[in-house]
Amino acid sequence: MHLTNQPNKMGHRLILIIAISLLLVMQSCIPYLNQPLEPRRARLGPETPQNKELSSLPAPKEKIVAAVYKFRDQTGQYKPSETGANWSTAISQGTTAILLRALEESNWFIAIERENISNLLNERKIIRSSRAQYAGESEENGPMLPPLLFAGIILEGGIISYESNILTGGAGLRYFGSGVSGQYREDMVSVYLRAVSTSNGNILKTVYTTKSILSQEVDVGIFRYVKFKRLLEAETGFTYNEPSEMAVTEAIEKAVTALIIEGYEDGLWQFANPADSSALVVKNYIKERNSNEDMDLFSRLLSQEKRGKFSITGAGGINKFDGDYPGSTVQPFGMIGFGYNMKHGFSTEIGIERHSLQLGENNKTTAHLFNAGFRYCLSSTACLTPYIEAGAGIIDETGPDNFSKDRIFALGFYGAGFEWLPKPRLGIIVSAKHSIFFTDDFDGVDQGKYPDMLWTANVGINFYIRGNSAKRAKTPKVKKPLNNEKLID
């Protein structure tokens with residue numbers, strides 16, 4: 001018998017090794033396909049998604065001369081570290097250069113040098129001194145240097161906030177020394193930008209933008225003895241950290257876009273073509289700004305109920321009866337339900353379930369369960385939300401000949417699950433429920449200290465018949481420019 005089973009054991013081990021090897025290859029294909037095998041050549045810096053929107057803004061009637069003296073990190077924060085002190089700053093200290101490039105990319109501004117104005121003035125002194133000393137020119141008879149441009153507006157502000165670990169999480173699974181795990185972390189950077197008139201010091205406009213910074217890590221590994229004195233150990237994985245410099249660049253470019261469009265609405269400057277007020281980039285910005293009033297930190301609309309008023313649920317799963325007879329096994333069941341969603345995540349539901357129950361080692365029966373209860377979604381405005389439920393019902397058993405037929409029992413239940421909305425009006429649910437009978441003789445035996453119980457787990461679909469009751473924000477028309485005081489050019 002030992003010799004007969006040995007090939008099967010070796011075959012199972014071989015299948016296990018092959019399966020884990022395939023898992024390792026699939027999980028690690030992304031980092032290894034992009035792994036650099038030789039030094040990379042210098043290239044132009046990558047552009048952010050916001051750069052395309054910034055470059056597509058309507059042309060200005062007249063470019064604005066703008067000065068930037070200092071636009072820097074005002075948080076004073078250092079990079080978060082889990083191993084000890086880290087004296088590297090969390091934010092790039094060259095954000096003035098990033099802002100100046102964003103102004104140039106917008107084609108709306110003539111940016112003039114002010115951050116290192118002393119270097120410019122010293123160079124102009126050197127030019128005048130060299131002309132006087134070597135060319136015999138003086139200020140009276142020689143050509144004069146052209147005057148420096150002066151700004152109509154000064155752009156001020158900076159990086160005012162860097163929040164670490166605003167959202168963290170992960171998941172993992174390990175079985176007999178083999179497992180996979182993943183973790184993620186989200187940070188957030190905030191930018192304020194304001195335009196100041198040089199004629200009277202009036203703050204013309206202030207805008208505020210944010211950008212999240214995502215970090216992810218995936219690990220896959222195996223550590224197991226496949227044979228006596230033979231240990232198999234393998235691991236792979238990858239880590240992705242979104243560059244903070246790219247996040248800061250995108251936030252600054254968004255701030256410049258917002259400043260241009262909102263400045264046009266307030267009449268501070270004008271488009272070259274008045275019809276450009278209906279341009280797609282302008283409409284998209286106004287729509288985003290209106291929805292932003294009801295949006296939380298994680299870009300979820302607070303006033304929008306993502307789930308409809310009425311719902312139909314279809315699900316299937318497994319159950320296990322916990323009674324007085326030993327030998328109960330897992331059996332299938334199916335259900336259909338109807339729900340009515342109230343406010344603030346509360347809903348009422350009724351359902352009909354058909355169960356195949358194993359009451360004991362040799363006792364099977366079929367039962368129909370009619371229940372009604374309440375459900376509470378912890379975040380009704382989120383696409384993915386956990387929920388809890390509780391209620392009561394009756395179960396009608398149509399059993400075999402050794403049980404009395406058409407028996408009706410009452411029970412109560414509680415449970416929890418998750419619902420994910422991949423599309424509007426369509427939800428995928430995964431839940432588990434524990435039902436407790438109000439009596440102990442559902443299986444025909446009344447003994448012990450606890451009543452009969454029923455454990456269930458199911459996967460299903462929620463279909464919402466009516467659309468959500470969200471307040472739909474109306475997109476207002478762009479205001480025409482006002483006849484405000486003209487900026488200094």
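In what follows, every heavy atom counts, from backbone to side chain, and hydrogens, waters and symmetry copies are set aside.
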How many angstroms lie between CD1 in I252 and OG1 in T257, if you round to the nearest 0.5 Å? 12.0 Å
T313 and N462 side chains, donor-acceptor separation under 3.5 Å: yes
Short side-chain to backbone donor-acceptor contact, S55 and K52, under 3.5 Å: no
Which residues pass the side chain to side chain contact (heavy atoms under 4.5 Å, CB included) test with E156, sequence neighbours left out? I154, R194, V196
Any pair counted as salt bridge (charged side-chain N to carboxylate O under 4.0 Å, His left out), so long as it reaches residues 237-261, sequence neighbours left out: E53-K254, K211-E242, K254-E288
Quick one: salt bridge (charged side-chain N to carboxylate O under 4.0 Å, His left out) pairs with a partner in residues 159-168, sequence neighbours left out? none
Enumerate donor-acceptor pairs with a distance under 3.5 Å from any side-chain N or O in residues 328-339 to protein atoms, sequence neighbours excluded.
unit_1, atom_1, unit_2, atom_2, d
S328, OG, F321, O, 2.7
S328, OG, Q358, O, 2.8
T329, OG1, Q331, NE2, 3.1

Indicate yes or no: at least one non-hydrogen side-chain atom of V189 is less than 4.5 angstrom from one of T210. no
Give every residue pair that meets the salt bridge (charged side-chain N to carboxylate O under 4.0 Å, His left out) criterion with at least one member in residues 168-184, sequence neighbours excluded. none
Evaluate the side-chain proximity of V191 to S161: yes if any heavy-atom separation is below 4.5 Å, no if none is. no
Should L99 and V256 count as side-chain neighbours, where that means a heavy-atom distance under 4.5 Å? yes
Verify the distance criterion only: is there a donor paired with an acceptor across the side chains of D187 and Y162 at less than 3.5 Å? yes
Between D73 and S92, does the side-chain contact (heavy atoms from CB on, under 4.5 Å) criterion hold? Intermediate values first, please. CA-CA 7 Å; D73 171 28; S92 169; over 6 Å; no
Quick one: list whatever passes side-chain hydrogen bond (donor to acceptor under 3.5 Å, both in side chains) with D441, sequence neighbours left out. T439
Among all residues two or more places apart in sequence or in another chain, which pass the ring pair (Phe, Tyr, Trp, His ring centres under 6.0 Å) test with Y450? none
Rounded distance (nearest 0.5 Å) linking atom CG of L232 with atom OG of S178: 7.5 Å
I429 to I461 - nearest heavy-atom pair and separation: CG1-N, 4.2 Å
With sequence neighbours excluded, give me every salt bridge (charged side-chain N to carboxylate O under 4.0 Å, His left out) pair touching residues 413-422. R307-E419
Which heavy-atom pair separates S277 from Y264 by the least distance, and what is that distance? CB-OH, 3.3 Å
Please confirm whether the backbone N or O of A251 pairs with a side-chain atom of T209, one donor and one acceptor, at under 3.5 Å? yes
Write down the atom of Y208, the atom of S190, and the distance for their closest heavy-atom approach. CE1-CB, 3.8 Å
Sequence neighbours excluded, the answer for ring pair (Phe, Tyr, Trp, His ring centres under 6.0 Å) partners of Y240 is none
How far apart are the closest heavy atoms of G170 and Y184, and which atoms are they? N-CE2, 3.8 Å
Which pair of heavy atoms, one from S56 and one from V281, lies closest together, and at what distance? O-CG1, 4.0 Å
Using ring centroids (six-membered ring only for Trp), state whether F413 and H434 fall under 6.0 Å. no
Is any side-chain heavy atom of E389 closer than 4.5 Å to a side-chain heavy atom of Y376? no
Set of ring pair (Phe, Tyr, Trp, His ring centres under 6.0 Å) partners for F409, sequence neighbours left out: F442
What do the steps show when you test I395 against I408 for side-chain contact (heavy atoms from CB on, under 4.5 Å), and what is the final call? CA-CA 6 Å; I395 186 167; I408 298 177; over 6 Å; no
First locate atom CD1 of I98, then atom CE of M246, and finally report the distance between them rounded to the nearest 0.5 Å. 9.5 Å
Any salt bridge between R289 and E265, counting N to O under 4.0 Å? yes
From Q183 CD over to T239 OG1, what is the distance, rounded to the nearest 0.5 angstrom? 9.5 Å
Before giving the answer on side-chain contact (heavy atoms from CB on, under 4.5 Å), spell out for E235 and D219 the whole-Å C-alpha distance, their side-chain angles and the decisive distance to 0.1 Å. CA-CA 7 Å; E235 61 181 354; D219 290 317; over 6 Å; no
Once rounded to the nearest 0.5 Å, what's the spacing between atom NZ of K320 and atom OG1 of T456? 13.0 Å
Row check, Y464 ring normal vs R425 NZ/CZ: under 6.0 Å, within 45°: no
Is I388 close to R375 at the side-chain level, that is, under 4.5 Å between some pair of heavy atoms? no
Is there side-chain contact between I160 and T75, with heavy atoms separated by less than 4.5 Å? no
Do side-chain atoms of N290 reach the backbone of I286 as a donor and acceptor pair under 3.5 angstrom? yes
How about Y285 and E262: does a side-chain donor come under 3.5 Å of a side-chain acceptor? yes
Say you draw a straight line from CD1 of I222 to OH of Y175; how long is it, rounded to the nearest 0.5 Å? 12.5 Å
Any side-chain heavy-atom pair from N371 and K433 closer than 4.5 angstrom? yes
Closer than 3.5 angstrom, by distance alone: can the side chain of Q74 be matched with the main-chain N or O of G157 as a donor-acceptor pair? yes
In terms of heavy-atom contacts, L54 and A102 come closest through CD2-O, 3.5 Å
For N165, side-chain hydrogen bond (donor to acceptor under 3.5 Å, both in side chains) partners two or more places apart: R185
Applying side-chain contact (heavy atoms from CB on, under 4.5 Å) to I159 and V248, what does each step give before you reach the verdict? CA-CA 8 Å; I159 314 299; V248 171; 3.9 Å; yes
Got a sec, which residues hit ring pair (Phe, Tyr, Trp, His ring centres under 6.0 Å) with F370, two or more places apart in sequence or on another chain? none
Do N319 and W455 come close enough that some side-chain heavy atom pair is under 4.5 Å? no
